[in-house]
Each structure stands twice: as structure tokens, then as C-alpha cells.
Amino acid sequence: MPITSLDILLRNLTLIDGTGSAPQVQAVIAIRDGNILYAGPSSGWSQAREGGITLDLGGQFVLPGLIDTHVHLAGSGEADSQFEADDGSMVLKMLRNAQKNLAAGITTVRDLGGWNELEFTVREWIRGGGFAGPRMCLAGRFISITEAGAEYYKGMYRVADGVDEVRKAVREQVMHGADLIKIGVTGAVLVEHGEPGATHFNEEEIRALVEEARKFGRSVAAHAHGADGIRKALRAGVRTIEHGTFLYQDPAAIEFMRENGIFLVPTLKVGWDIILSDNAQIPLWIMEKNRSTQDEAARSLKLAYDAGVPVAMGSDAGTPLNFHGENGLEIYWMGQAGMSPVDAIAAATGGAARALGWEGWLGSLEAGKAADLIVVDANPLQDLRVLADKAHLQFVMKAGQVAACHAAHHLPPEAFAKHVLLIK
Ligand SMILES: [Zn+2]
């Protein structure tokens, strides 16, 4: 919904700007037309304003809206990871999942495997103002070789065997409006007979896919668990390695990622949600496969992070018991795996925006960036779980508009009437 030009001044806040800098107390943020005019110490803000709204946040913490670089809007956390729904209900399911993200402070999602192209419809309606929802960076279908997963996730996969088919599959995603291309370089954990360590595409197919994506200015996200597949994806020129479970086995690949600024998206939450659950409906094969790989995934993140590889937050929300709106827990799990709190937050804000290539206008609280932000009443640097708990989340702003509010006393309704589009 288009925002009016009224100014908003947020004052008396603690600023965590998403760049990895230390928090600033007594900061202010000035917003006009959905963008940030100024963010920083109150001493640096002196511009006279006529009209507009001033909100005293009483020292609470303000962060950029969170960016989840790996979700599946088609999934709602079904125990058996079966996302199927007929087309009519699937589009509503995706819209609802998108809204759950926004309500929880995830103002941007990157979907890495949609369903029958319905995610493009959802994005169009959100962009047009018909519904509230997060910003959406879309890959369209997951491009895969012929394998069991393509049967299991009908609607999400686009099977392509051989260089010509791979090129055609990329062109189809671009035609539908994809911002990037997703390739399944290796097998998957969440496919019953899938071998996560096995390399699926041949190197010439991966190269052809990346080359075709580049022709259209698209980057490539590579689903890759095994070290051989990771190496081939890196050599071909992908932008992000999704999961990277066995990355620890190849120090040279880690070094290549650091040198070339290739992002790791570790997706730890998906495994923890399954392992820590006592839900008897989780199929045994899903439980066992996650138990056997979780330590390796955490180890790979730790090694990559310590080596200086850029990391972006991706929860894989939509997978079993991995519910949309709880994505912020991924930041906590990244901290548990060894990232410093400030770096884990940067991975879900400024770093994530870089992984998307959207850092010029999104991801940090700096002048000129979009006014996407969240306000929390506790210090997330002391406990990252604050970022996944609506009891701490006061309100969520997207493009200067309050999109969700969990603490009504902060928002005098008459003053904010033109800025509020509430969802829960
Ligand atoms: Zn995924």
C-alpha cells in the first residue's frame, strides 16, 4: 500500500544498524516516504520538521527488518514435508505464510522453491497493495536432475537433464519473474532415498546453468551438501551455497568462498526443529537423516565463519515443524554454532541483503535505505532468542508503514492511522 509523505521520527532508541557495528544508545531514526532520512546519534539530527509523528521508544532496541534468505512459502511445517495442496488453497497458504513472516519481523524473504509459480501471483498482489506481506525475492522452481525428490515435491521441482534442458529451465524461471535461479547440485536430506553427499548435476550442466542465469543478470543459489558438489558449484560461479553440510571436509572450498565473497546459508534450524521434537508423526527416515548430519552442518558453519566466509541467515522455513514466523531462531542457532551475536544479526540483515544483491537499498538502518525495521524491548545481543519471540517484538515497519504491532501502547492509533496496515 503506498505510503503517504508524512514524516516519522523515532527517538530515544538503541540502534543496532545491521552493519555489524556496536549498538548506539540515544539514537534517532527519521523516515520520509518510506525511506530513512537519518539514523544515528540524536546529536546529529537537527532538521526542523513540520507536522509528522514523533515516537519516544524509551531506549528500546531498533534493528533492520530481518531478511530470511531461504524459505519455502509452499510449506507450513507439515511433519512429513508434504506441501501438496490444490492450486486454490495453495495460493492462500503461501499468502498466509508470507504474512506470518512479516508479522514476526521478517520483512524480506527469499523463496528457494515455490509451487506451480503461484508465489509470483502472491508477490504481485502484495506489491500491488492488495495484501500486506514481506518483500519477496523469488527463485521460482528448484531445478533438479531426474530423481526421487521431483516426485515427492511435485510443483516445486523443475526436472532438467542435460545442458539444453538446463538452459531451458533457467529461461522458464526468468520468464515467470524469478530474481535468481535455484539449482539442486547434490542430493537432499528431506527426500527419503536422497543422498545428500551425492553430486547430481554434471559440472557442464552446472556451468551452463550459471552462464544462462548470468545472461539475464540473475545469480544462482546452489543447494549443496556434499563437498564434491560444493566444489563444482563454486567453480561454476554460484552466489550462495545453501546448507553446505559437508563443507568442513574441504578447506580449499572454504578459502575459495572467503576470497570470492561467496555466501554460506547454513540452515541449522531445520535440523534442530526435527531433532528436538517429540512429534511422533515425523517419519523415522527424516529423524535419522537429520540426527546424522546436524553436527557436521554446525561444524561447517563454524569453520567457514572463523575463516571469514560471509554468512547469510536462512531458516528453510516450511520444512517439517519449521514454522513460518519462527525464523528468527535460526539466528540463535547460528550463535550457538559459534557466530558472535553481532555477526549473527548482521547475517540476518545487512549480510543477507548483500547475498540478495539488494544491499544498495535494503538491510541496514542508514540514510537512503528502505525504512524496514523492528522494535524489541530486550537486548538481542544478550539473548538472540529475543528475535524469535513476539512477546519482545513491539512493532514491525515495512517501508515506513507499521505492518504488525504486538504492543499497542506504542502506537497512538489516531496519529498512525495512515501508516498502519496490521496483520497478526
Ligand atoms: Zn530449502
Side-chain angles (χ1 to χ4, degrees), residues 67-84 93-94 97-98 101 106 108-115 119 136-145 147-150 152-158 173 178-192 194-196 200-201 219-226 229-230 233 238-247 263-274 286 289-290 293-294 297 300-301 311-324 326-327 329-330 333-334 348 352 355-356:
I67 300 172
D68 192 331
T69 69
H70 190 138
V71 305
H72 299 280
L73 295 173
S76 297
E78 293 88 344
D80 60 359
S81 79
Q82 266 302 340
F83 300 170
E84 286 209 54
K93 181 179 166 188
M94 290 177 124
N97 286 336
N101 281 281
I106 297 106
T108 300
V109 294
R110 185 173 71 154
D111 187 291
L112 293 186
W115 204 270
E119 63 279 14
M136 289 164 66
C137 181
L138 301 177
R141 293 195 188 227
F142 179 121
I143 299 176
S144 160
I145 62 163
E147 55 123 349
Y152 197 68
Y153 296 108
K154 276 203 182 84
M156 185 196 291
Y157 277 48
R158 163 53 161 106
Q173 308 320 305
D179 299 289
L180 79 155
I181 301 300
K182 167 83 175 288
I183 179 175
V185 170
T186 72
V189 174
L190 290 174
V191 171
E192 185 162 9
E195 286 291 338
H200 277 185
F201 279 106
S219 63
V220 175
H223 161 110
H225 292 285
I230 290 171
V238 304
R239 176 85 182 123
T240 61
I241 296 291
E242 308 297 315
H243 315 303
T245 306
F246 306 120
L247 177 62
F263 279 79
L264 174 65
V265 181
T267 66
L268 300 176
K269 182 175 182 294
V270 53
W272 286 122
D273 284 337
I274 292 165
I286 288 186
K289 283 178 91 175
N290 278 281
T293 54
Q294 191 66 7
S300 289
L301 169 57
V311 177
M313 187 274 274
S315 68
D316 219 348
T319 53
L321 311 182
N322 189 357
F323 304 108
H324 290 277
E326 297 178 1
N327 325 39
L329 270 181
E330 177 71 20
W333 288 120
M334 292 194 300
L356 270 53

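The first residue of the sequence shown is numbered 1, and numbering continues consecutively from there. In listed order, ligands and their atoms are each counted from 1.
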Notebook entry, point to check: When the ring planes of His72 and Phe83 are compared, do they come out parallel, tilted or perpendicular, using 30° and 60° as the limits?
Noted result: tilted
Checklist line | Geometric class of the Tyr157/Tyr153 ring pair [parallel <30°, tilted 30-60°, perpendicular >60°] | finding: parallel
Checklist line | Polar side chain donor-acceptor pair, Asn327 to Asn101, under 3.5 angstrom | finding: yes
Margin query: Tell me if a side-chain donor or acceptor on His223 pairs with a main-chain N or O of Gly187 at a distance below 3.5 Å.
Written below: yes
Check: At the Zn ion (ligand 1), what angle lies between atom NE2 of His72 and atom NE2 of His70, rounded to 10 degrees?
Finding: 110°
Checklist line | His223 near the Zn ion (ligand 1): N/O/S under 2.8 Å | finding: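 Under 2.8 Å: His223 has no N, O or S contact with the Zn ion (ligand 1).
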Note to self: Suppose we only allow N, O or S atoms; which atom of Asp316 ends up nearest to the Zn ion (ligand 1)?
What the structure shows: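 Going by distance to the Zn ion (ligand 1), the closest N, O or S atom in Asp316 is OD1.
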